[in-house]
Asker: 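One structure is given below, represented as structure tokens, and several questions about it will come after.
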Amino acid sequence: MLNTLRRIIQAVSDARDLDQALDFIVQQVREAMTADVCSVYLSDDTLQQHVLMASEGLAAESVGNVRIEYEHGLVSIVASRAELLNLDSAPNHPAYHYFPETAEEQFFGFLGVPILHQRKVLGVLVVQQVCAERFDEEQENFLITIATQLANAMALARASGEIEKLLGQHEVTDSRPLPGLPGAPGVAIGMAVAIYPSTELEKIPDRDADDPDKEIEAFHEALSSVKNDITRLSNRLKDVLPDEERALFDAYLLMLDSHSLRGVTAARIMEGNWAPGALRYTIDEQVQKFAELDDPYMRERAEDLRELARRILHYLVQDAQREIEYPQDTILVGDELTAAQLAEVPRERLVGVISATGSRTSHVAILARALDIPAVMGSVSIPLGRIDGLTLIADGYSGNVFISPSKQIKVEYERLAKEEQSLDAELLNLRNDVSITSDGREIPLTVNTGLLSDISPSLNSGADGIGLYRTEFPFMTRQRFPGEEEQLRIYRQALKAFAPKSVTLRTLDVGGDKALPYFPIIEDNPFLGWRGIRITLDHPELFIVQVRAMMRAAVDLDNLQILLPMVSQMNEIHESLTLIRRSYDELKEEGHEVKMPKVGVMIEVPSAVYQADRIAKLVDFLSIGTNDLTQYLLAVDRNNAQVASLYDALHPAVIMAVQQTVKAAHAAKKPASVCGEMAGDPAAAVLLVGMGIDSLSMSASSLNRVKWVIRNLSSKRARQYLDEALDMEDAASIRGFLNTKLENAGMGGLVRAGR
Ligand code: PEP
Ligand code: MG
């Protein structure tokens with residue numbers, strides 16, 4: 001059964017078309033379970049009916065026609081309870097509802113399991129048998145496992161509108177958004193450009209071929225290149241492998257020349273798809289055929305075919321990616337977008353970003369905010385393969401994405417986007433105003449930067465300095481560790497641009513989700529592993545080069561502050577301070593006119609919160625990294641869209657931890673700031689003001705938004721809101737409460753689309 005299960009799972013994940021996947025499943029499941037019937041019902045929320053979509057065993061004419069009202073029949077019981085139902089005699093059950101067109105009167109044994117995706121019932125999977133017996137436990141478990149796999153395929157099909165088409169409703173998808181997570185505020189209307197991992201065939205999107213002849217030529221060239229590679233490999237192994245083993249390579253060469261690969265793909269290209277998309281279809285089809293065979297040797301051939309496809313794709317995509325033409329209003333869509341992919345699109349053409357994975361505090365979202373581009377993260381159900389070239393709306397406040405929206409929705413969002421523009425223009429007027437509460441408390445606002453090589457957005461934002469300079473970027477964009485002189489030049493630029501305002505340079509914080517191409521770290525739990533200060537203290541040679549470069553960059557400017565990331569032990573601070581002092585002494589000895597900079601610690605690990613009082617006595621300032629602090633306090637991976645609804649810096653526990661840190665800093669007469677994304681969240685800023693925070697550091701695009709809040713708020717009122725918030729039990733209530741306050745104060749435009 002395990003083999004059958006694997007085969008079905010593979011076939012379902014390979015299937016491009018839900019209809020095809022359902023037919024395959026019902027046929028395979030019936031066979032594997034030696035049942036007499038296997039059927040799938042889809043739940044149609046609009047009409048409140050479960051529709052029989054595929055069946056092996058019930059009368060063929062009933063498929064697509066039998067519709068069971070939500071409150072009727074056994075299928076409805078399974079769906080409404082979201083629980084399996086196993087009966088020896090279905091007709092004896094009081095809820096049994098007989099549909100003559102199915103001819104199911106001959107079947108007694110009944111087992112139904114819900115198809116659940118993210119707690120929602122999408123349909124019901126049913127097996128039936130003639131004999132009046134319950135299905136056994138192994139059969140139950142098998143069916144449940146199949147249903148979980150089917151759920152993923154169905155969720156995708158639902159997202160792309162395929163389910164509605166199957167159910168015969170064409171209008172619904174237009175107005176129903178796909179849910180995602182707010183990534184960066186703003187509204188984007190534009191055209192999708194799908195970015196895909198170039199070696200993953202199943203993620204290749206469909207795309208119109210502009211010039212089919214050229215595509216075919218590229219395809220043939222790719223085939224020739226792969227043939228050359230295979231021949232070369234085969235020759236290389238001539239002396240080590242016996243001839244019969246090398247026959248595999250001949251088989252590969254035959255496959256590459258076969259009509260089923262070459263001819264069929266070319267025909268698809270002529271029908272209008274580009275070469276990688278056409279190839280994907282051909283391979284899917286062939287793999288499916290192999291997968292249906294019972295001969296294990298033949299099934300292995302499916303893997304060979306995939307391997308060949310990966311090689312062909314490698315050549316094809318190399319060509320295609322060089323040629324990517326970004327439309328004027330590009331919305332970049334990808335499974336796991338990276339900062340580099342974002343940076344590749346000309347800024348003036350990029351209007352929005354949608355990532356299937358990640359969340360608000362992923363580094364791609366942080367970069368989008370720095371560039372002031374609306375972003376939606378964790379849009380798990382976005383149909384990547386079929387989205388290229390479609391019109392999209394991305395609402396960076398709610399996380400909603402509309403695919404090919406109706407005219408009505410588009411008009412509405414165009415209006416909201418206009419309002420956004422006028423709000424932005426108005427906010428820009430605050431640029432030169434002081435960040436001061438209505439009762440006169442000044443709270444300097446600084447920027448987070450460093451993920452971009454260009455610091456001009458930060459300079460133009462009217463910031464009071466740089467509160468967090470992430471130094472990883474120059475390390476990420478090189479083939480090796482940058483040396484002292486290289487680093488010095490980069491840091492000097494930032495220090496000089498902002499002098500005399502202070503610039504806080506953070507020592508290298510790689511590991512976690514930030515990798516260096518030349519310094520791979522393989523760990524099961526990277527966020528709990530070798531990261532930040534742990535790496536640089538294990539490599540003092542790297543740490544020393546970096547702090548030397550920082551101090552030398554600040555000669556004559558004297559506006560440098562050094563910040564230590566990921567501190568979880570007191571020892572790490574002692575060692576860092578020793579190394580910084582030693583570097584300072586050595587630089588002095590060498591004749592450099594350096595000054596000892598202020599040194600601060602990031603409070604981003606729970607242990608540091610509990611020791612914040614001790615830490616504050618040792619260093620000059622504390623900077624609270626709420627992105628990691630939230631992740632570590634709530635045990636929620638900051639990049640995992642699956643659990644992103646649990647990730648919110650407004651969770652009472654996070655608020656209490658931040659408050660405790662601020663109090664500890666103040667008790668030691670040291671300033672505390674927040675440099676995590678919480679600082680740039682207008683609602684959260686209210687609470688931070690209430691705690692008496694000394695400064696806030698955020699992406700340039702959030703700066704005037706937060707300044708607007710601060711200028712319209714008194715510290716007394718902020719304290720009162722903080723007390724009220726701390727009385728609530730979860731993040732959602734606190735967010736709702738604060739959003740209402742902002743809305744009532746005429747600042748609703750900061751927390752939702754429009755003014
Ligand atoms: C944080 O963790 O809050 C932070 C500012 O650092 P980073 O996002 O770079 O991990
Ligand atoms: Mg951090």
Side-chain angles (χ1 to χ4, degrees), residues 183-184 338-339 358-370 375 377 445-452 458 466-476 503-516 521 526-536 561-568 572 600-609 612 621-640 644 647-651 654-655 657-658 661-662 672-681 684-685 688 693 695-700 702-703 706:
T338 63
S359 66
R360 198 185 134 78
T361 44
S362 302
H363 285 98
V364 179
I366 292 176
L367 186 57
R369 269 198 297 286
M377 306 296 293
L445 301 185
T446 55
V447 273
N448 291 353
T449 183
L451 278 177
L452 287 172
S458 315
I466 296 182
L468 170 64
Y469 185 104
R470 293 181 167 97
T471 57
E472 294 76 58
F473 203 61
F475 284 79
M476 284 175 177
V503 169
T504 306
L505 300 181
R506 181 173 72 182
T507 62
L508 190 63
D509 184 23
V510 288
D513 66 341
K514 283 176 288 188
L516 298 178
I521 304 170
F527 274 115
L528 299 182
W530 206 39
R531 214 201 134 176
I533 200 83
R534 300 172 183 178
I535 295 181
T536 48
Q561 308 200 108
I562 293 181
L563 183 59
L564 308 172
M566 261 309 276
V567 167
S568 60
E572 292 160 345
V601 162
M602 284 197 76
I603 305 295
E604 52 182 346
V605 177
S607 64
V609 172
F621 63 97
L622 301 185
S623 186
I624 308 169
T626 47
N627 303 341
D628 279 313
L629 187 57
T630 306
Q631 128 163 304
Y632 294 128
L633 264 182
L634 305 183
V636 179
D637 179 344
R638 65 193 263 185
N639 289 321
N640 184 344
Y647 183 102
D648 195 331
L650 288 186
H651 188 292
V654 180
I655 300 173
V658 173
T661 307
V662 175
S673 67
V674 171
C675 65
E677 293 307 305
M678 184 182 193
D681 175 348
L688 298 173
I693 199 81
S695 63
L696 295 171
S697 195
M698 63 203 72
S699 64
S702 307
L703 208 120
V706 172

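Count residues from 1 along the sequence. Just so we're clear, the structure is a prediction, and the values are computed from it rather than from any experiment. Order of appearance sets the numbers: ligands from 1, and atoms from 1 within every ligand.
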Asker: Looking at side-chain heavy atoms only, is the closest gap between Glu604 and Gln631 below 4.5 Å?
Answerer: no
Asker: Side chain, backbone, both or neither: which part of Met566 has a heavy atom under 4.0 Å from ligand 1?
Answerer: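 It is neither part, as no heavy atom is under 4.0 Å.
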Asker: What part of Gln631 sits under 4.0 Å from ligand 1 if we count only heavy atoms: the side chain, the backbone, both or neither?
Answerer: neither
Asker: Which of the atoms of ligand 1 are close to Gly676, meaning less than 4.0 Å from one of its heavy atoms?
Answerer: 3 (O), 5 (C)
Asker: Heavy atoms, side chains only, cut-off 4.5 Å: are Thr630 and Thr361 in contact?
Answerer: no
Asker: Check whether Asn448 reaches the backbone of Gly676 with its side chain - one donor and one acceptor, N or O, closer than 3.5 Å.
Answerer: no
Asker: Test your reading of the model: is there a side-chain donor-acceptor pair from Ser697 to the backbone of Val447, 3.5 Å cut-off?
Answerer: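 A pair under 3.5 Å: yes.
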Asker: Side chain of Glu472, backbone of Asp509: donor and acceptor closer than 3.5 Å?
Answerer: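 Side chain of Glu472 to backbone of Asp509, a donor-acceptor pair under 3.5 Å: yes, one is there.
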Asker: Met678: heavy atom below 4.0 Å from ligand 1, yes or no?
Answerer: no
Asker: Below 4.0 Å, non-hydrogen atoms only: which portion of Arg470 touches ligand 1? Side chain, backbone, both or neither.
Answerer: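 Looking at Arg470 and ligand 1, just side chain atoms fall under 4.0 Å.
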Asker: Of the protein's non-hydrogen atoms, which lies at the shortest distance from atom 1 (C) of ligand 1, and what is that distance?
Answerer: Asn627 CB, 3.4 Å
Asker: Quick test: of every protein heavy atom, which one is nearest to atom 6 (O) of ligand 1, and how far off is it to 0.1 Å?
Answerer: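 Among all protein heavy atoms, the one nearest atom 6 (O) of ligand 1 is Arg506 NH1, 3.0 Å.
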Asker: Looking only at N, O or S atoms in Asp628, which is nearest to the Mg ion (ligand 2)?
Answerer: OD2
Asker: I'd like to check which ligand 1 atoms, numbered from 1 as shown, lie under 4.0 Å from a non-hydrogen atom of Leu468.
Answerer: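 Listed by number with element, the hits are 5 (C).
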Asker: For the atom pair OG1 (Thr446) and CD1 (Ile466), what is the distance rounded to the nearest 0.5 Å?
Answerer: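 Interatomic distance, Thr446 OG1 to Ile466 CD1, rounded to 0.5 Å: 9.0 Å.
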Asker: Measuring only between side-chain heavy atoms, which start at C-beta, is Tyr469 closer than 4.5 Å to Leu563?
Answerer: no
Asker: Can you name the N, O or S atom of Glu604 that is closest to the Mg ion (ligand 2)?
Answerer: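 Per the distance ranking, Glu604 contributes OE1 as its closest N/O/S atom to the Mg ion (ligand 2).
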Asker: Could you say whether the N/O atoms of Asp628 and ligand 1 ever approach to under 3.5 Å?
Answerer: yes
Asker: So, the side chain of Tyr647 versus the backbone of Asn639: is there a donor-acceptor pair under 3.5 Å, distance only?
Answerer: no
Asker: Counting only N and O atoms by type, is there a donor-acceptor contact under 3.5 Å from the side chain of Thr471 to the main-chain atoms of Arg506?
Answerer: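 Side chain of Thr471 to backbone of Arg506: a pair is present.
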Asker: Is ligand 1 under 4.0 Å from a heavy atom in the side chain of Glu472, in the backbone, in both, or in neither?
Answerer: neither
Asker: What atoms in ligand 1 come closer than 4.0 Å to a heavy atom of Arg638?
Answerer: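 Here the atoms of ligand 1 in question are 2 (O), 7 (P), 8 (O), 10 (O).
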Asker: Decide whether the shortest distance between a heavy atom of Arg531 and an atom of ligand 1 is less than 4.0 Å.
Answerer: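 Within the 4.0 Å threshold, so yes.
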Asker: Yes or no: does Met602 have any heavy atom under 4.0 Å from an atom of ligand 1?
Answerer: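 Met602: in contact with ligand 1 (<4.0 Å).
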Asker: Can a donor-acceptor pair be found, under 3.5 Å and without considering hydrogens, that links the side chain of Ser568 to the backbone of Ser607?
Answerer: no
